[in-house]
Amino acid sequence: MTNDLTDNLFSLIKSLSPSEKRQFSLYVGRIGVNSDSKFLNLFKVMSRQKKYDEKKILESTSITKQQLSNIKAHLYKQLLISLKLNPVHQSVPITIREQMDFSYILYRKGLYKQSLKILEKVKATALYYEEKVMAYEILEWEKIIESQYITRSSHNRAETLVKETQQLNELNIIYGKLSNVSLQLYNIFLKMGHARTEEESNSIREFFKQNLPELDVKKIGFREKLWLYKAHLWYSFITQNFLSCYRYSSKWIDLFVEYPHLISVHPVSYLKGNHYLLESLFYLNHTELFEKTLKQLEDTLKNPLIPDDDNIASLSFLYVYSNKLNLRFMKGDFSNGDPLVEKIQKKIKKYGSRIDGHHIMIFYYKIASLYFGDGNYLRCIEFLKKIINNKSLELREDLMCFSRILNLVAHYEAGKDYHLESLIKSTYKYLIKMNDMHEVQKEIIKFLRNLPEVSPLKIKDEFRKLHKTLKPYENHPYERRAFLYLDILSWLESNIEGRPVAEIIAEKAKLVSR
């Protein structure tokens with residue numbers, strides 16, 4: 001528990017901007033007795049430290065070892081209060097909560113009418129900004145005051161409050177069910193990725209059908225529609241229905257067009273919607289529309305309605321640079337990738353603590369694919385090793401599986417044949433363990449295993465045979481999953497025709513660009 005407190009306090013202090021540190025000093029200094037307080041001295045010492053050093057703290061302050069834990073807890077609380085008072089961190093939910101606190105204070109003072117007046121006003125604000133859980137709390141609080149005291153606020157006040165409570169309760173129940181099913185589907189997608197078999201697809205379909213509540217879309221508001229579209233989006237991604245992904249990510253964005261005042265309240269959801277719209281266009285190969293939408297996303301980030309905070313900064317990096325890589329794949333533009341990769345690595349270092357390992361591994365896979373397309377197989381292998389050697393990551397089994405397949409192909413292209421046999425064995429075992437040994441994977445492994453015995457004069461014939469075998473799977477409902485991660489057909493064509501794989505992919509991109 002003490003270690004958790006120390007880690008949390010240290011990371012919070014390190015996350016503070018210079019202006020937030022100045023505000024904290026002013027906040028503490030408003031009471032003269034605090035100017036030389038132990039918690040302020042602890043803050044000053046920890047601010048200077050690059051790594052937490054308890055011995056240095058005890059030497060530099062008058063804090064004893066026995067006092068340290070309590071002073072840390074007090075400092076943590078004071079930092080949070082200071083941040084809450086900072087105008088940068090003010091938000092609609094915080095303002096609503098603050099008004100509710102004021103109402104409670106007035107109630108305790110016996111000033112019931114004043115309390116109810118604040119509640120009535122803040123309830124309207126909560127409803128306007130779709131904060132229906134808090135609106136429900138406000139209604140419950142209004143009912144307590146009305147039932148305890150004769151306020152004579154309205155002759156039909158009781159009926160009005162009961163009706164409002166029932167309406168909000170119904171919407172909150174729908175919201176709870178929709179957010180539950182959406183979160184469960186997102187968790188399934190993070191764990192396994194796209195459905196691998198008809199059995200998995202049927203299982204997801206049944207789960208979706210059983211858990212999606214029956215509702216009338218005309219009778220629900222922004223919040224409920226948002227979770228409804230999220231649920232449909234995850235279901236569509238898992239079942240590889242990318243046209244449906246595009247439809248529901250578009251509905252997601254259109255929702256914010258309909259309710260523009262909610263962009264500043266839910267900026268993360270707004271940015272996520274734009275990101276998934278881009279993901280959908282990527283899988284549908286709409287290059288021109290993708291490029292236009294990516295430009296719109298970058299322009300959106302300059303919108304004053306989008307808060308300028310650490311969370312938005314890390315998400316902006318994630319969404320913009322992930323899609324910059326996707327655009328290169330769509331255009332077959334693999335050359336001169338080093339400057340982009342360097343930027344991404346610097347930003348991963350900067351925002352690493354705020355981005356989950358799953359998304360960092362996706363970055364590494366995309367970077368590896370970029371280098372593979374450019375023919376830089378050693379750099380490709382370098383980034384794939386970051387994924388393969390990550391023993392703590394338990395997300396996206398499909399990503400882990402295809403990293404190993406691409407690793408095999410990259411080793412072959414790099415001429416590192418002496419590793420190939422052991423890599424084939426370990427990859428084969430891994431795919432069996434993950435239940436991911438499908439026809440495309442089997443054929444690739446069989447091909448690579450037999451390559452050392454093939455005469456150089458007949459090598460192109462073997463590439464042609466594999467291409468002919470794999471081509472029918474390109475549009476197979478479950479086998480095509482392999483081609484979402486690795487453009488193996490373009491690689492085979494490059495070997496057959498003796499041309500760079502980037503050239504092949506670029507030609508295809510021009511043909512399918514819409």
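Heads up: numbering here begins at 1 and tracks the sequence. Worth saying up front: this structure is predicted, and the values here are computed from it rather than measured.
- Residues Pro267 and Ile306 approach most closely at CB-CD1, 4.3 Å, considering heavy atoms.
- The two residues Ser201 and Thr239 make their nearest non-hydrogen contact at OG-CG2, 4.0 Å.
- When all heavy atoms of Ile381 and Ala410 are compared, the closest pair comes out as CG1-CB, 3.7 Å.
- Remark: Lys386 is positioned above the aromatic ring of Phe383, its terminal NZ or CZ atom under 6.0 angstrom from the ring centre and at most 45 degrees off the axis.
- From Leu492, atom CG reaches atom CG of Leu466 across 4.5 Å, with rounding to the nearest 0.5 Å.
- Heavy-atom contacts from other residues, nucleotides or ligands closer than 6.0 Å to NZ of Lys14 number more than 12.
- In this structure the side chain of Leu278 never reaches within 4.5 angstrom of the side chain of Asn326, judged on heavy atoms.
- Leu340 contributes atom CG, which lies 10.0 Å from atom CG of Asp333 (distance to the nearest 0.5 angstrom).
- Heavy atoms from other residues, nucleotides or ligands lying under 6.0 Å from NZ of Lys177 number 12 at most.
- Here the side chain of Ser494 pairs a donor or acceptor atom with the backbone of Trp491 at under 3.5 angstrom.
- Side-chain contact between Lys349 and Lys346 is absent, with no heavy-atom pair separated by less than 4.5 Å.
- Taking each heavy atom of Pro307 and Ser264 in turn, the nearest pair found is CG-O, 4.3 Å.
- Side-chain contact between Phe334 and Phe329: present, with at least one pair of heavy atoms (C-beta onward) separated by less than 4.5 Å.
- By the 4.0 Å N-to-carboxylate-O rule, Lys471 lies too far from Glu493 to be salt-bridged with it.
- Between Phe242 and Tyr283, the ring-plane angle classifies as parallel under the 30° and 60° cut-offs.
- The side-chain heavy atoms of Leu384 and Tyr365, taken from C-beta on, include a pair separated by under 4.5 Å.
- Side-chain contact annotation: Asn202 with Arg205, donor-acceptor N/O pair under 3.5 Å present.
- With respect to the salt-bridge test (charged N to carboxylate O, under 4.0 angstrom), the residues Lys225 and Glu130 do not qualify.
- No side-chain donor-acceptor contact under 3.5 Å links His275 to the backbone of Leu271.
- Looking at Met361 and Ser403, their side chains never come closer than 4.5 Å, going by heavy atoms from C-beta outward.
- Between atom CD1 of residue Ile367 and atom OH of residue Tyr321 there is a gap of 12.0 Å, rounded to the nearest 0.5 Å.
- Rounding to the nearest 0.5 Å places OG of Ser250 at 7.5 Å from CG of Leu281.
- Partner of His261 under the ring-ring contact (aromatic ring centres under 6.0 Å, His included) criterion, chosen from Tyr270, Tyr128, Phe222: Tyr128.
- A ring-centre distance under 6.0 Å is found for Phe317 and Phe363.
- Between the side chain of Glu20 and the backbone N or O of Ser17 there is at least one donor-acceptor pair closer than 3.5 Å.
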Quiz item: When you look at Ile174 and Leu228, which way does the side chain to side chain contact (heavy atoms under 4.5 Å, CB included) test go after all the steps?
Solution: CA-CA 10 Å; Ile174 291 170; Leu228 176 65; over 6 Å; no
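- Here the two rings, on Phe372 and Tyr377, have centers that are under 6.0 Å apart.
- Here the OG1 atom belonging to Thr300 is positioned 8.0 Å from the CD1 atom belonging to Ile263, to the nearest 0.5 angstrom.
- Side-chain contact between Phe256 and His266 is present, with heavy atoms from C-beta onward closer than 4.5 Å.
- Residues Glu382 and Arg379 are paired through a salt bridge, judged by an N-O separation under 4.0 Å between the basic side chain and the carboxylate.
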Quiz item: Given the rule in the side chain to side chain contact (heavy atoms under 4.5 Å, CB included) test, do Leu233 and Cys245 qualify, once you have shown the distances and angles that lead to the verdict?
Solution: CA-CA 5 Å; Leu233 182 76; Cys245 290; 4.1 Å; yes
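- Leu127 is listed as a side-chain neighbour of Leu168, based on a closest heavy-atom distance under 4.5 Å.
- Put simply, the side chain of Ile348 does not reach to within 4.5 Å of the side chain of Ile355, judged on heavy atoms.
- In this structure, CG in Leu215 is found 9.0 Å from CD in Glu224, a value given to the nearest 0.5 Å.
- Between the side chain of Asp309 and the backbone N or O of Asn311 there is at least one donor-acceptor pair closer than 3.5 Å.
- In this structure, Asp254 does not pair ionically with Lys251, as no charged nitrogen and carboxylate oxygen lie closer than 4.0 Å.
- Lys219 and Glu170 are not joined by a salt bridge, as no carboxylate oxygen comes within less than 4.0 angstrom of a charged side-chain nitrogen.
- In this structure, Trp234 and Tyr186 have tilted ring planes: the angle between them lies in the 30° to 60° band.
- For the pair Ser182 (side chain) and Leu178 (backbone), a donor-acceptor distance under 3.5 Å is absent.
- Under 3.5 Å, the side chains of Arg223 and Asn172 contain a donor-acceptor pair of N or O atoms.
- Between Phe237 and His194, the shortest heavy-atom distance links the atoms O-ND1, 2.7 Å.
- Across all their heavy atoms, Val501 and Gly373 have their closest contact at CG1-O, 3.3 Å.
- By the 6.0 Å contact criterion, CG on Asn336 is open, its count of non-hydrogen atoms from other residues, nucleotides or ligands being 12 or less.
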Quiz item: Given Leu212 and His232, is the side chain to side chain contact (heavy atoms under 4.5 Å, CB included) satisfied, shown in steps?
Solution: CA-CA 9 Å; Leu212 195 72; His232 275 282; 3.9 Å; yes
Quiz item: Are Asn241 and Tyr246 close enough, and set up right, to give a side chain to side chain donor-acceptor pair (under 3.5 Å), and what steps lead you there?
Solution: CA-CA 9 Å; Asn241 186 344; Tyr246 174 73; over 6 Å; no
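- A donor-acceptor pair is defined here as one N or O able to donate and one able to accept, closer than 3.5 Å; such a pair exists between the side chain of Asn323 and the backbone of Tyr319.
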Quiz item: Can you list the steps and then say if Tyr175 with Lys132 is a side chain to side chain contact (heavy atoms under 4.5 Å, CB included)?
Solution: CA-CA 10 Å; Tyr175 158 74; Lys132 290 173 187 165; over 6 Å; no
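- Counting non-hydrogen atoms of other residues, nucleotides and ligands closer than 6.0 Å to CG of Asp299 gives a total above 12.
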